[in-house]
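Written below as structure tokens is the structure these notes are about.
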There are 2 protein chains.
Amino acid sequence: MTAPRAQIARAEVLCRERGVRLTDQRRRVLEILCAAGRPVGAYEIMDAMREGPRVVAPPTVYRALEFLLEQGLIHKIESLHAFVGCDHPEHPHSSEFLICLECGGVAELKDDAVERSLESVTRESGFRPRRRVVEVMGTCAQCAHKEECARKEEADRSPGPVD
Amino acid sequence: MTAPRAQIARAEVLCRERGVRLTDQRRRVLEILCAAGRPVGAYEIMDAMREGPRVVAPPTVYRALEFLLEQGLIHKIESLHAFVGCDHPEHPHSSEFLICLECGGVAELKDDAVERSLESVTRESGFRPRRRVVEVMGTCAQCAHKEECARKEEADRSPGPVD
DNA sequence: GGACGACATGATATCTTATAACGTGCCGAC
DNA sequence: GTCGGCACGTTATAAGATATCATGTCGTCC
């Protein structure tokens, strides 16, 4: 993951280059997402914004999100109805996400093999792809490790038939 | 796509084999999905069920959907908040979907290359996958063809600089 | 500098999707 | 016959997203 600061700074530069405006509201939403470092729902973002100077309504948040999505500065995780800051917004792309069901963490992948195979299988069927959603739910390495340890401890305390 | 009839029949057999109950409500939901042959939202299903003998409330529909999902008889299309009948429910699986933004149609893929590459990239990072969501939005072959034709006609009527 | 237009935001209402919580009825096992 | 598990009914509400119209802000062109 990238440092939140750096992410905002890059966004500033990109927007200037592209001639689009990273307004206060939009920057605020991006900051919240980057600071969280995990998927955050639109209404949670809204709540976080209430902490700031003024109260905002859903459309405000969704408009900011729409802008950030268009600019490739954030991604939407469809299966969670939530959003995350993009790790490498420099070039437009779709990404693959690994979503941990235990800790709620999300890792953004960029894997050529996956993308190539998806590309080829879609084209084969005459399909013209525009946007890809690739989300794998499961258990991340950290949480898998923790589980492992817990199970081992359990076994040590009461040795016997396992599972 | 498989004939709706056949899909229901297979579901009957599978449920019997597995010792689970394909009740009237559940069969009805499955029928509606299979007959539609396209993604259908939960509330649309509910409306369709109102045509039948009795009125149903959202929880009823969602419970039936949950059961059918567990049994692998249907899939959820996350990016559409909608459900489709599964083309080959015999063996449990995740699938890839091609979603046409023009006609709303959905094709279910089962591509080894995509699955293998996803599998390997997730395992590499120590991630233990449980469920995959792979959805490609774009234009299907049919709609792409139609568009092509329309554009050609346009060009014929008013020949000049294109786009 | 004032009028205009484009874009961004504010505010209210509403729609869509999904689930919580609790009650009732059916049916098989013991 | 009663007990327990499962499916379904019912009501309410949470959570996510958008439509609509009003207001504000800012640069540009005259």
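To find a chain, count down the sequence lines: A is the first, B the second, and so on, and within it residues start at 1.
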| Does any donor atom in the side chain of B:E78 or A:S79 lie under 3.5 Å from an acceptor atom in the other side chain? | no
| query | Can you check the A:R21 CZ to C:dA8 C1' distance for me, whole Å? | reply | 6 Å
| note | DNA chain D nearest-nucleotide lookup for B:V20 and A:P59: closer to the 5′ end is B:V20
| query | Would a line drawn from the ring center of B:F83 to the ring center of B:H75 be shorter than 6.0 Å? | reply | no
| query | Below 4.0 angstrom, N of the basic side chain to O of the carboxylate: do A:E135 and B:R132 qualify? | reply | no
| task | Take atom CZ of A:R63 and atom C1' of D:dT20, then tell me their distance rounded to the nearest Å. | result | 10 Å
| field | Between C:dC7 (C1') and A:R18 (CZ): distance, integer Å | value | 19 Å
| request: Starting from P on C:dA8, measure out to CE on A:M49 and report it in whole angstrom. | output: 15 Å
| Side-chain (A:S117) to main-chain (A:A113) donor-acceptor, under 3.5 angstrom | yes
Pull out every protein N or O sitting under 3.5 Å from an N or O of nucleotides 14-18 of chain C, one pair per line with the distance.
from   : atom 1 : to    : atom 2 : distance (Å)
C:dA18 : OP1    : B:K76 : NZ     : 2.8
C:dA18 : OP2    : B:Y62 : OH     : 2.9
C:dA18 : O5'    : B:Y62 : OH     : 3.4
C:dA18 : N7     : B:Y43 : OH     : 2.6
C:dA18 : N6     : B:Y43 : OH     : 3.1

| note | Whole-Å distance, A:L65 CG to D:dA15 C1', equals 15 Å
| said: Please check: side-chain N/O of A:R38 versus main-chain N/O of A:V106, any donor-acceptor pairing under 3.5 Å? | reply: no
| To the nearest angstrom, how far is A:D24 atom CG from D:dT25 atom P? | 12 Å
| remark: B:E66 atom CD is separated from C:dA20 atom P, nearest whole Å, by 10 Å
| message | I'd like to know if the side chain of B:R16 and the backbone of B:A11 have a donor-acceptor N/O pair within less than 3.5 Å. | response | no
| Between A:E12 and A:R27, is there a side-chain N and carboxylate O pair less than 4.0 Å apart? | yes
| field | Between P of D:dT25 and CD of A:Q25, the distance in whole Å | value | 12 Å
| task | Using a cut-off of strictly less than 4.0 Å, decide whether A:R26 has a side-chain nitrogen or oxygen near OP1 or OP2 of C:dA8. | result | yes
| Using a cut-off of less than 4.0 Å, is there contact between a side-chain N or O of B:T60 and OP1 or OP2 of D:dG9? | yes
| Is there a salt bridge (charged side-chain N to carboxylate O under 4.0 Å, His left out) between B:K110 and B:E115 once you walk through the steps? | CA-CA 8 Å; B:K110 182 131 191 68; B:E115 285 166 25; 3.3 Å; yes
| Any ion pair linking B:E31 and B:R5 (charged N to carboxylate O, less than 4.0 Å)? | no
So which protein nitrogen or oxygen atoms get under 3.5 Å of nucleotides 22-24 of chain D's nitrogens or oxygens?
none

